[in-house]
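Reviewing the structure listed below.
Nothing fancy with the numbering, it's 1 onward along the sequence.
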Amino acid sequence: KLKKTIEDDDYFKGKVLTTSKILYLDKFNSKLFLKREGDFKIGDSVLIGRFFIGLIVGVNSTSYEVSLWNRKENNLGVFVISSQNDNLVANIKSDNYNTSYIENILSTEVVEIGDLVVTSSINEGIPNNLYIGVIDRVEGVSSQTFRKALIKKPYSLEKSNYVILIKND
C-alpha cells in the first residue's frame, strides 16, 4: 500500500523504487539495516513516505546498511520553506539520534513552528525537495543576532516495518 501511494506522487514518476523491510535500527550510530530487495547501490536514497531518512552506505548479499541523515557527523544542507519569506538555506546538525537542529539563523529571517524542511541541491548525491521534517521549536528571541530551530521528524523508525528505496540518478 505504501509503494502504491508513492507511485501516485508526481515527484516519483519514472523513478526506480521498491520497499524494503527494516531488519535493525542502531540508534547509537544512527544506522539502519534493511533486507536487500532489488539491485540498489551505495548512494541510493531511503525514505519513509516522502521523507528522506538516509543513504545506502553498504551492500551485501542479504542486506543494505543505511546512514541516517541525522548522524552527528553529517551536515545536511536544506531549505526551510516558509510562507513568510523566501526559503532559508541552512545546514542541519544533530547531537544524537533524536535531536536535530538548524543553528545560526539570523534574527531577520522568519522561521516559524510548522515550517517545512526539505533537502537542497547543496548535497551531492541527494535528490532535491525531499521532506526532512518540520520546525518544532525556535530558540532565542528576535533581539538576539542568531537563533536556533529544532526539527521534528513526523515519522518513527521504531514503529515502522518498511522503508522505500529509490535509485538516485
Any chain of hydrophobic side-chain contacts (each under 4.5 Å) joining Ile42 to Val163? yes
Which value, rounded to the nearest 0.5 Å, describes the distance between Phe52 atom CZ and Leu68 atom CG? 9.0 Å
What pair of heavy atoms forms the shortest contact from Asp26 to Tyr24, and how long is it? CB-CE2, 3.6 Å
Where is the tightest heavy-atom contact between Leu34 and Ser20, given as atom of each residue plus distance? CB-OG, 3.4 Å
Mark yes or no for whether Asn168, through its side chain, and Gly43, through its backbone, hold a donor-acceptor pair below 3.5 Å. yes
Can you find a pair of side-chain heavy atoms, one from Leu130 and one from Arg50, that are under 4.5 Å apart? yes
At their closest point, which heavy atom of Gly133 faces which heavy atom of Pro154, and how far apart are they? CA-CD, 3.8 Å
How many angstroms lie between atom NZ of Lys27 and atom CG of Leu32, to the nearest 0.5 angstrom? 12.0 Å
Could you tell me whether Lys152 atom NZ has more than 12 heavy atoms of other residues or ligands within 6.0 Å of it? no
Beyond-backbone contact of Ile92 with Ser100, side-chain heavy atoms, under 4.5 angstrom: yes
Take Ser30 and Trp69 through the side-chain contact (heavy atoms from CB on, under 4.5 Å) test and state the conclusion after the steps. CA-CA 8 Å; Ser30 290; Trp69 68 259; over 6 Å; no
Within the 3.5 Å criterion, strictly below it, is a donor on Thr119 or Asn128 matched to an acceptor on the partner's side chain? no
With a 4.5 Å cut-off on side-chain heavy-atom distances among I, L, V, M, F, W and Y, is there a chain of contacts connecting Leu157 to Ile132? yes
Taking all non-hydrogen atoms of both residues, which atom of Arg36 and which atom of Asp39 are closest, and how far apart? NH2-OD1, 3.8 Å
For Lys35, what residues pass the salt bridge (Lys or Arg N to Asp or Glu O under 4.0 Å) criterion, not counting sequence neighbours? Glu37
Stepwise side-chain contact (heavy atoms from CB on, under 4.5 Å) check, Leu150 with Glu139: CA-CA 8 Å; Leu150 277 73; Glu139 296 179 347; 3.6 Å; yes
Worked check of side-chain contact (heavy atoms from CB on, under 4.5 Å) between Ser67 and Leu55: CA-CA 6 Å; Ser67 175; Leu55 294 173; 5.6 Å; no
Is there a path from Ile102 to Leu116 through hydrophobic residues (I, L, V, M, F, W, Y) whose side chains come within less than 4.5 Å of each other? yes
Asp136 side-chain N/O to Ile151 backbone N/O, donor-acceptor pair under 3.5 Å: no
Working to the nearest 0.5 angstrom, can you tell me the gap between Leu165 CG and Lys41 NZ? 11.5 Å
Is it the case that the side chain of Tyr162 and the backbone of Ile22 share a donor-acceptor pair, with hydrogens and angles ignored and the cut-off at 3.5 Å? no
Under the rule for ring pair (Phe, Tyr, Trp, His ring centres under 6.0 Å), what residues qualify as partners of Tyr131, not counting sequence neighbours? Phe51
Please tell me whether Ile48 and Phe33 are part of a single hydrophobic cluster in this structure, the criterion being side-chain heavy atoms less than 4.5 Å apart. no
If you round to the nearest 0.5 Å, how far is CD1 of Ile113 from CZ of Arg137? 9.0 Å
Are the side chain of Arg147 and the backbone of Asn104 linked by a donor-acceptor contact shorter than 3.5 Å? no
If you measure from CG on Leu47 to CG on Leu17, what distance do you get to the nearest 0.5 Å? 9.0 Å
Checking Ser120 now: which residues fulfil side chain to side chain donor-acceptor pair (under 3.5 Å) with it, not counting sequence neighbours? none
Distance, nearest 0.5 Å, that separates OG of Ser45 from NZ of Lys167: 11.5 Å
Shortest non-hydrogen contact from Val59 toward Phe40: CG2-O, 4.1 Å
To check you understand the geometry: which heavy-atom pair defines the closest contact between Ile105 and Ala149, and what is its length? CD1-CB, 3.7 Å
Do Val80 and Tyr101 share a hydrophobic cluster, counting only Ile, Leu, Val, Met, Phe, Trp and Tyr and linking them when any side-chain heavy atoms are less than 4.5 Å apart? no
